[in-house]
Every structure is written in C-alpha cells, then in structure tokens.
Amino acid sequence: MHTKLSLYLHYPWCIRKCPYCDFNSHKKDISYDEAYFARLLDDFKASQEYIQGRQFISVFVGGGTPSLGNASCYASFFDTIAQFLDKDCEITFEANPGTVDYKKLCDFKAAGFNRISIGVQSFDNAMLKALGRIHDSDEAKKACLEARRAGFLRRNFDLMHTLPGQSTAMALADLQTACDLECTHLSWYELTIEEDTHFGAHPPVLPDEDTMLDIEEQGFEFLQKHGFERYEVSAFTKERRCVHNENYWLFGDYLGLGAGAHSKISLGQSIMRRAHHSLPKSYMQEDYARFYNVSDNDVPFEYMLNRLRLFDSISLTDFTDKTGLDVALIEDKLHKASELGLICFDTANTYHITRLGKIMLNDILALFLE
C-alpha cells in the first residue's frame with residue numbers, strides 16, 4: 001500500500017459550546033496550554049513507530065477553538081517535529097472570528113501555519129444569534145480581511161446554510177460576502193440537528209425541504225459562476241484543494257493527537273485505528289489509547305464512505321492500492337450501484353459518482369453495509 005500521511009491535532013476548548021455542535025469541545029476556564037502541548041508531544045513520541053519513515057503532507061489543528069491556543073505553544077510543537085514535515089506541508093488551524101485580531105493572526109503565521117479556516121457560519125447577525133455564535137457580522141468580516149493582511153494566502157471560510165429563518169436570498173448573500181472578502185476555499189454545508197446537542201433537545205424551526213433544495217441549487221450555480229470548483233460534497237475551491245481533507249477522502253493515513261483524536265494507519269497489509277479519551281483531563285492523565293486492527297469485512301464500507309465524497313473518477317485498482325484487499329470484494333456492489341444510476345463506469349476500470357448519487361450517497365453506502 002502506498003499511503004500518504006497527515007497529522008491531526010485536537011484543541012478541545014471553546015469559550016462556550018454552540019447549540020448545534022456535537023464535536024469534542026469543552027468550555028475553557030483555565031489555561032491548560034503548556035501542559036496540554038507537552039502531552040501532545042509525549043503522544044507524538046509514543047506514536048513515532050507508526051510513522052515508518054514517512055513525512056506529513058499536512059497538519060490540521062481542529063477543535064474546539066484552536067485560535068484560543070497560545071501561538072508560542074504551536075511554534076514550539078512544530079519546531080520539535082520539523083524533521084517529520086514535508087517541505088510543502090500544508091499547516092491549517094481553525095479560527096473563531098471572536099477570538100483573533102491582527103497581531104494574533106500574525107503570531108499564528110509566524111508559528112508555522114500557512115492556511116487558515118475561519119468559522120464564519122454566516123455574515124448575517126440574526127443567523128449568528130440563532131446559532132449562538134460569540135461573534136457578530138462585523139467581527140467576521142474583520143477577521144477575514146485581517147487574515148489576508150497577516151499573510152494567509154490560503155483562506156477557507158466555513159459557512160452553513162438552511163439556518164433557522166433563512167431564505168434563499170439570505171443564503172446567497174452570505175456567499176456573495178464570502179466572494180467579496182476574497183476567500184480562496186469555501187466549506188458550505190447544511191445545518192444538521194445532532195441528537196446530543198442543545199438543538200437536539202430543543203430543535204429550532206428550519207426552512208422546509210423545498211427551500212433547502214432551492215438554496216443548494218442556486219448556491220451551487222452561484223459558486224460555479226464565481227469560479228469555485230466543487231470537488232467534494234461540501235468543499236469548493238478557487239485554488240488548491242485542501243490537502244488534509246483530501247487525504248481523508250482518498251483513504252490516506254492520519255495520526256491523531258489530542259483529546260478524542262482518531263487515527264488511521266496502514267501497516268503492511270493491515271489497517272489500524274485508535275481513538276483517544278475524549279475528556280481532556282482523561283487524555284492528559286490516563287494511558288494513551290491503543291491501535292486495533294480493522295476487520296477486512298469492515299474495510300470496504302470504510303473505504304467507500306471516504307472515497308465517494310470526492311467527485312473525481314476512481315480507479316478500481318485504487319481499492320487494492322489503499323487497502324491491500326482484492327477488488328472483487330466491491331465489484332458486485334459497484335455494479336449494483338451502477339444499475340441504480342448512482343455511479344457511472346467511465347471505462348471498465350474507472351467509475352464516478354453521478355448527480356443522483358451525490359444526492360443519494362447514503363443509498364450507495366448502504367450497499368456496502370449488507
């Protein structure tokens with residue numbers, strides 16, 4: 001297996017929990033940064049045997065709110081692992097507009113980050129209030145402008161649609177503002193209500209299905225006209241694709257460090273996973289989680305769950321290259337999906353997901369759960 005490797009760091013603290021969020025995030029009331037980053041380094045050292053001489057093609061710091069972290073802690077971490085970073089390594093952090101200013105953004109740039117993902121969610125104050133965000137529209141716009149001024153050439157804006165009380169015109173206005181602020185990459189996706197959240201217990205009234213479909217159809221058309229390539233379910237770019245996320249969807253390997261962080265590593269003909277303790281206190285005080293082998297029976301579903309998020313054509317041999325398993329394990333199900341119009345074979349050896357398949361992705365995946 002020829003598998004590229006990424007690094008994920010989880011920063012688990014936020015100022016407060018957003019009502020829609022089901023990520024592993026916790027309210028930050030004490031500064032744990034130095035002790036937490038020391039633990040991350042210990043975790044990295046304990047995991048080095050799984051790197052096997054490879055270098056990281058990307059690093060992504062997610063959360064939580066990574067922009068709450070101390071830039072000097074990030075800088076020290078990156079200096080320590082520098083020999084493991086590819087010379088063109090993409091290094092991204094997530095930022096909440098309510099937690100950054102120009103100086104802090106410059107400090108993060110100097111620490112080694114070369115890409116920023118700004119959690120805007122919306123540029124409409126009513127929508128931001130409904131989502132329980134700590135920033136307002138002016139702060140969001142300012143953060144986007146100052147990120148460019150601080151030298152971040154690659155800037156992703158995170159936007160949601162189908163928000164409580166949102167019309168198609170309001171959703172398109174968010175996209176227009178993102179374009180006006182010159183984002184180079186956009187994550188644009190529907191708000192979903194997750195069970196273990198405040199919204200799960202107290203669901204807001206969302207736009208109906210017809211409005212949601214109208215928002216998506218007009219939004220996709222708008223972004224295409226403004227030069228964005230939709231290369232993944234909710235990712236659009238005017239520049240390079242996000243190296244880190246693309247490695248996930250290509251069924252690449254990733255080492256996850258931090259509270260609740262997941263890893264997937266290929267060793268020989270085996271695929272191994274682990275998940276760390278989700279509570280920061282447990283992660284910092286208890287033994288690290290151990291890797292376990294993924295059953296060959298589970299690999300086809302895991303592979304398709306990731307691989308079909310990208311809209312490029314896929315070679316049948318890619319399955320064997322990435323998993324070490326015989327492509328015969330998935331061929332019958334792929335042909336069934338083709339009969340249903342969910343994928344299309346370009347040649348005898350390549351296929352791609354169809355427009356219908358993009359809408360009914362779960363129906364394709366269900367075939368691989370049988």
Side-chain angles (χ1 to χ4, degrees), residues 8-21 23-34 36-37 40 58-79 90-125 127-129 131-160 174 177-188 239 242 244-245 258-259 280:
Y8 175 78
L9 306 179
H10 192 76
Y11 187 90
W13 293 291
C14 289
I15 291 178
R16 68 168 184 246
K17 187 90 167 177
C18 293
Y20 57 84
C21 177
F23 292 158
N24 183 35
S25 61
H26 309 268
K27 184 177 179 180
K28 184 176 183 181
D29 51 10
I30 302 174
S31 178
Y32 288 101
D33 278 6
E34 290 187 6
Y36 188 73
F37 277 87
L40 288 178
S58 65
V59 180
F60 194 101
V61 186
T65 306
S67 52
L68 283 175
N70 191 315
S72 64
C73 290
Y74 288 115
S76 178
F77 182 88
F78 294 142
D79 285 345
E90 172 192 274
I91 308 178
T92 305
F93 75 104
E94 295 179 331
N96 184 308
T99 65
V100 293
D101 55 24
Y102 175 67
K103 181 183 182 306
K104 189 165 191 178
L105 289 167
C106 288
D107 289 344
F108 272 72
K109 186 70 169 59
F113 291 101
N114 51 35
R115 185 175 182 273
I116 185 171
S117 180
I118 304 175
V120 174
Q121 312 314 353
S122 176
F123 290 102
D124 185 298
N125 279 327
M127 298 297 96
L128 291 170
K129 184 176 180 180
L131 291 172
R133 300 294 285 172
I134 65 170
H135 66 273
D136 61 22
S137 178
D138 287 342
E139 288 175 309
K141 293 173 184 176
K142 184 178 179 181
C144 294
L145 289 170
E146 290 189 336
R148 182 178 63 183
R149 183 178 162 219
F152 286 98
L153 302 180
R154 305 185 64 206
R155 302 176 302 279
N156 175 69
F157 296 175
D158 213 60
L159 286 176
M160 293 183 184
D174 274 347
T177 302
C179 290
D180 293 342
L181 292 168
E182 299 184 11
C183 71
T184 63
H185 190 285
L186 189 66
S187 297
W188 189 59
E239 40 119 2
C242 175
H244 190 85
N245 286 346

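Numbers here are sequence positions counted from 1.
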Enter the distance from [X]:[atom1] to [Y]:[atom2] here, rounded to the nearest 0.5 Å.
X    : Y    : atom1 : atom2 : answer
F78  : C73  : CZ    : SG    : 11.5 Å
N96  : S67  : CG    : OG    : 5.5 Å
S187 : I118 : OG    : CD1   : 11.5 Å
C183 : W188 : SG    : CH2   : 12.5 Å
F37  : F77  : CZ    : CZ    : 8.0 Å
N70  : F108 : CG    : CZ    : 7.5 Å

Report yes if the side chains of [X] and [Y] come closer than 4.5 Å at any heavy-atom pair, otherwise no.
X    : Y    : value
D33  : Y11  : yes
I134 : T99  : yes
M127 : M160 : no

F23, CZ atom: more than 12 neighbouring heavy atoms under 6.0 Å: no
If you take all heavy atoms of [X] and [Y], which pair is closest and at what distance?
X    : Y    : result
I15  : K27  : O-CG, 3.4 Å
F157 : L181 : CE1-CB, 3.9 Å
N24  : A259 : ND2-O, 3.0 Å
C14  : S25  : SG-CB, 3.7 Å
H244 : E90  : N-OE2, 3.1 Å
E239 : T184 : OE2-OG1, 3.0 Å

Under a 3.5 Å distance rule, please check whether N114 uses its side chain to pair with a backbone N or O of I91 as donor and acceptor. yes
Who passes side-chain hydrogen bond (donor to acceptor under 3.5 Å, both in side chains) against Y74, sequence neighbours left out? none
Apply the test side chain to side chain contact (heavy atoms under 4.5 Å, CB included) to residues S58 and T92: give CA-CA distance (whole Å), side-chain angles for both, the deciding distance (0.1 Å), then the verdict. CA-CA 8 Å; S58 65; T92 305; over 6 Å; no
Assess the residue pair F93 and I116 against the criterion (side chain to side chain contact (heavy atoms under 4.5 Å, CB included)); give the C-alpha distance rounded to whole Å, side-chain angles, the decisive distance to 0.1 Å, and a yes or no. CA-CA 5 Å; F93 75 104; I116 185 171; 3.6 Å; yes
Step-by-step side chain to side chain contact (heavy atoms under 4.5 Å, CB included) determination, C18 to R133: CA-CA 6 Å; C18 293; R133 300 294 285 172; 3.3 Å; yes
List, one per line, each side-chain donor-acceptor pair under 3.5 Å for residues 137-147, sequence neighbours excluded.
residue: S137; atom: OG; partner: F123; partner atom: O; Å: 2.6
residue: E139; atom: OE1; partner: D136; partner atom: N; Å: 2.9
residue: E146; atom: OE1; partner: Y102; partner atom: N; Å: 3.1

Derivation and outcome, side chain to side chain contact (heavy atoms under 4.5 Å, CB included), residues T65 and E94: CA-CA 7 Å; T65 306; E94 295 179 331; over 6 Å; no
Give every residue pair that meets the salt bridge (Lys or Arg N to Asp or Glu O under 4.0 Å) criterion with at least one member in residues 107-117, sequence neighbours excluded. K103-D107
